[in-house]
Q: 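Could you have a look at this structure, given as structure tokens, before my questions?
To find a chain, count down the sequence lines: A is the first, B the second, and so on, and within it residues start at 1. Since the structure is predicted, the reported quantities are computational estimates derived from the model, not experimental observations.
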2 protein chains.
Amino acid sequence: MSAMDEQPIRNMEDFAAVSGISRPTISKYFNDPESVRASTRARIEQALDRYDYRPNIYAVNQNRRLTKNIGIVVPYLADPFFAEIARYIEMMVIEAGFRPILLSSHGSTAQEAGNLDSLKALKPAGVLLAPLGRTSDRSVIEKFCRDVPTVLFDSNIDGMGEAFIGSDNVSFVEQTVEYITKTGGAPCFFEMRTPVNPNANKRRVAYIEAMETRGLEPRVVAIDGDGWEFEEIGRQGAHDVLSRGELSCDTVLCSNDRLAIGFLAACYERGLRVGNGPGCALRVASHDDHPFSRFTCPALTTAAHDYDAVSKTSVETLFQLIENGGRFDKRRETLFPAHLIIRASA
Amino acid sequence: MSAMDEQPIRNMEDFAAVSGISRPTISKYFNDPESVRASTRARIEQALDRYDYRPNIYAVNQNRRLTKNIGIVVPYLADPFFAEIARYIEMMVIEAGFRPILLSSHGSTAQEAGNLDSLKALKPAGVLLAPLGRTSDRSVIEKFCRDVPTVLFDSNIDGMGEAFIGSDNVSFVEQTVEYITKTGGAPCFFEMRTPVNPNANKRRVAYIEAMETRGLEPRVVAIDGDGWEFEEIGRQGAHDVLSRGELSCDTVLCSNDRLAIGFLAACYERGLRVGNGPGCALRVASHDDHPFSRFTCPALTTAAHDYDAVSKTSVETLFQLIENGGRFDKRRETLFPAHLIIRASA
DNA sequence: TGCATAATTTTACGCGCGTAAAGTTTTTGT
DNA sequence: ACAAAAACTTTACGCGCGTAAAATTATGCA
């Protein structure tokens, strides 16, 4: 509660006056409360809750070379997967005493460039960037990373940023393929022909590898479609493939959960029962553990990201990078393995 | 491309020098390019793409009483419904030449208060706020609205903010009830006992009204659960209700799509076929047209928000409010009707 | 061509805070 | 209790830009 009878505090000088401390010391306090004597700190904090003064952000940041802002850029926020990861990251950034600035590229190359552009203007201490992937403008990102300490996450672009934190796609695919083959059946791999996300390519390669290791013939089913509406693309693609009888396998391993959600919708529409039991025409498994994957019908068997580890490590790596002056000796890559979540779909 | 041989442009004065225009005129240009003579504008823009100078945001905002920032606060960004609406709003704000600042309250009262707090420090020109609802701290929001021009959207809190833009819950329920009763069957209403969102209460009231108007007995099925994980709450609640045989109706009208998604998952798990055809045990309909509602099994019949209208009107109303000095003569309320989307679930 | 008007330049101050330097007070260690 | 160290105060400047006032220049129109 602020005292109502007193004059309003307009700036740090006013606040210094009413708290009985000099302005430079007040300034010091706000930059690091521990840097002033305990008794002084107490007096400041006492005044602070009488008058709810706070330094003007713009004046502060004008005089700092480095702000306390941390940029977080995700490719598509309407995808709950990214919303969820952004939520984790936001909380950790706040906890560390920084201010997160969340931006979504909405699946658009121009928007991604615009986001980086407006971030640069904010002179952030660092940026956590999950790039679009294939449709990213490499030169834009490269230039940005030269100017701002940047850690990439979720999808890697070779050589960009000082570090990458993501999931180990080989582990994802290895676990699902292992599970499927052990429980009977050889999976085909269902994916978009031209995936935006580089993880998709790694998963395809890992799938082929995993199949060949087991002496099985890999079968990749590639469907058409552009953009970020993966569910609809998956649904359409599934209908196409199924109506043409091109699916020469009884278990479908989808590149990611959103495609799988569309695939399951198509199966349902066609009266195809999915699951393990008798009377089931197909089994379906996937990757990501999308927030909605447990509510599909049937619930989706999938390889789950370690959300906690990825977001925690991303944030920690960024802070190390910042403390290290914005550069690492060599680019760091950290990959986390998946853990398999067995549900009813396979 | 910036000329590489020249000295770097550190500030507006440097840029004024290289462009051959005085600094005050440059300043004027950045505040409104139309306010300078066309020939001057041309010279500035010519210099602008030789040297990619841009005014320091912090210095600019320090000297403006009003920044060009627009705050957007949503209760739960991991809900694709809000992510989608935020996307619409963001784009319109950018188009209007403002800078959107998107914040999610993550379902937490403290976070909502924190968001408003940090927004206030940014001295935004205005704020679009979708409050948590029941769990919002009224006094915090009230105080915020006194300081910052605020337009509420999605969920209304009486008297808060200068305007509210949302959907007409009566229209939503009226349309679903009308459709269900016309196509055979009297719906019961499936909802959370203590919904966070005020729309839920309006929908229940509208449901009862709609049923009584038709001479039918309203039956409300209230389930327990707290928080924002509506799908899981709906799924659990559906299992409880179904296992106890408490569902004395053949059509279930869910308060919102996320509950319905959970309800459908439970039905699938129990082997209950949902839909219109023969062999279907239940029909399920709902409200919101959640981005995922077309991918449920079966696809969800639902009353759709007019996303475009709500977001467009919210933004327009906020800009009117800003131009009007932050106050309206009286609080404005704009409600948009739903349009029914008939899919396979009912 | 001349004159009213609009646009621009020049000059100067202020915004709120970071921060450096020099002087003063308080704390710490013995 | 005393000197050294630490913390604080005072003073002063700078950050990059908005903006006002007065002087100057450019433009449009008769």
Q: What residues, two or more places apart in sequence or in another chain, satisfy ring-ring contact (aromatic ring centres under 6.0 Å, His included) together with A:Y76?
A: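 Applying ring-ring contact (aromatic ring centres under 6.0 Å, His included) to A:Y76 gives A:W228.
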Q: I'd like a table of donor-acceptor pairs (distance under 3.5 Å, sequence neighbours excluded) in which one partner is a side-chain atom from residues 17-26 of chain B, with atom names and distances.
A:
| unit_1 | atom_1 | unit_2 | atom_2 | d |
| --- | --- | --- | --- | --- |
| B:S19 | OG | B:F15 | O | 2.9 |
| B:S19 | OG | B:A16 | O | 3.2 |
| B:S22 | OG | B:T25 | OG1 | 3.1 |

Q: Kindly write out the residues that satisfy ring-ring contact (aromatic ring centres under 6.0 Å, His included) with B:F82, not counting sequence neighbours, or none if the list is empty.
A: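 For B:F82 there are no ring-ring contact (aromatic ring centres under 6.0 Å, His included) partners, ignoring immediate neighbours.
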Q: Quick one: salt bridge (Lys or Arg N to Asp or Glu O under 4.0 Å) partners of A:R87, sequence neighbours excluded?
A: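 So A:R87 forms a salt bridge (Lys or Arg N to Asp or Glu O under 4.0 Å) with A:E84.
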Q: For A:Y53, report the nucleic acid contact type (base, sugar-phosphate, nothing); a contact means any heavy atom under 4.0 Å.
A: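 It contacts sugar-phosphate atoms only.
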Q: Please report the distance, rounded to the nearest Å, between CZ in A:F30 and P in C:dG16.
A: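 The answer, rounded to whole Å, is 15 Å.
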Q: Looking just at side-chain N and O atoms, do A:N56 and B:Q62 make a donor-acceptor pair shorter than 3.5 Å?
A: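 No pair is found: no donor N or O on one side chain lies under 3.5 Å from an acceptor on the other.
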Q: Run the ring-centre check on B:F81 versus B:Y307 and record whether the distance is less than 6.0 Å.
A: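 Ring centroids of B:F81 and B:Y307 are less than 6.0 Å from each other.
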Q: Under the ring-ring contact (aromatic ring centres under 6.0 Å, His included) test, which residues partner B:F319, sequence neighbours left out?
A: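 So B:F319 forms a ring-ring contact (aromatic ring centres under 6.0 Å, His included) with B:F98.
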Q: In whole angstrom, what separates A:Y29's OH from D:dA7's P?
A: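 Rounded to whole Å, this separation is 17 Å.
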Q: In whole angstroms, how far is the P atom of D:dG16 from the CD1 atom of A:I57?
A: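 A:I57 atom CD1 is separated from D:dG16 atom P by 20 Å.
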Q: What's touching nucleotides 24-30 of chain C from the protein side, N or O pairs under 3.5 Å?
A:
none

Q: Tell me which nucleotide among C:dT9, D:dC8, C:dC17 gets nearest to the side chain of B:T25.
A: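 The closest nucleotide is C:dT9.
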Q: Check the distance between D:dC15's C1' and B:N61's CG and give it to me in whole angstrom.
A: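 The distance from CG of B:N61 to C1' of D:dC15 comes to 15 Å, rounded to the nearest Å.
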Q: Return the set of residues passing salt bridge (Lys or Arg N to Asp or Glu O under 4.0 Å) with A:D147 (not counting sequence neighbours), or none when no residue passes.
A: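 For A:D147, the residues satisfying salt bridge (Lys or Arg N to Asp or Glu O under 4.0 Å) (neighbours in sequence not counted) are A:K120.
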Q: Looking at residues at least two apart in the chain, or sitting in another chain, which of them share a salt bridge (Lys or Arg N to Asp or Glu O under 4.0 Å) with A:D117?
A: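 By the salt bridge (Lys or Arg N to Asp or Glu O under 4.0 Å) rule, A:D117 matches B:R54.
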Q: Please state how far atom CD in A:E13 lies from atom C1' in D:dT9, giving the value in whole angstrom units.
A: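 So the CD-C1' distance, A:E13 to D:dT9, works out to 13 Å.
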Q: Could you list all N or O pairs between the protein and nucleotides 11-14 of chain C that sit under 3.5 Å apart?
A:
| unit_1 | atom_1 | unit_2 | atom_2 | d |
| --- | --- | --- | --- | --- |
| C:dA12 | N6 | B:R23 | NH2 | 3.3 |
| C:dG14 | N2 | B:N63 | OD1 | 3.2 |

Q: Starting at CZ of B:R54 and ending at P of D:dC17, how long is that distance when rounded to a whole Å?
A: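 It is 12 Å, rounded to the nearest whole Å.
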Q: Name the residue closer to the 5' end of DNA chain C, choosing between B:Q62 and B:R41 according to the nucleotide with the nearest heavy atom.
A: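 First, find each residue's nearest nucleotide; the 5'-ward one identifies B:R41.
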Q: Nearest to the side chain of B:K28, heavy atoms from C-beta on, is which of C:dT8, D:dT10, C:dG16?
A: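 My answer, after comparing the listed nucleotides, is C:dT8.
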Q: Counting side-chain heavy atoms from C-beta on, which of D:dT9, C:dT8, C:dT19 comes nearest to A:S27?
A: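 For the A:S27 side chain, the nearest candidate turns out to be C:dT19.
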Q: Within the side chain of A:E162, is there an N or O that forms a donor-acceptor pair under 3.5 Å with the backbone of A:P149?
A: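 Judged by distance alone, no pair lies under 3.5 Å.
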Q: Nearest whole angstrom, please: distance from the P of C:dA6 to the CD of B:E34.
A: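 Atom-to-atom, B:E34 to C:dA6, this comes out as 18 Å.
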Q: Whole Å only: how far is the CE atom of B:M12 from the C1' atom of D:dG18?
A: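 Nearest whole value for this atom pair: 9 Å.
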Q: Looking only at the side chain of B:T40 (C-beta and beyond, no hydrogens), which of the listed nucleotides C:dA7, D:dG18, C:dG18 gets closest?
A: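 Nucleotide nearest to B:T40's side chain: C:dA7.
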Q: Among the nucleotides D:dG18, D:dC8, C:dC17, which one has an atom lying closest to any side-chain atom of A:V36?
A: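 From the listed options, D:dC8 comes nearest.
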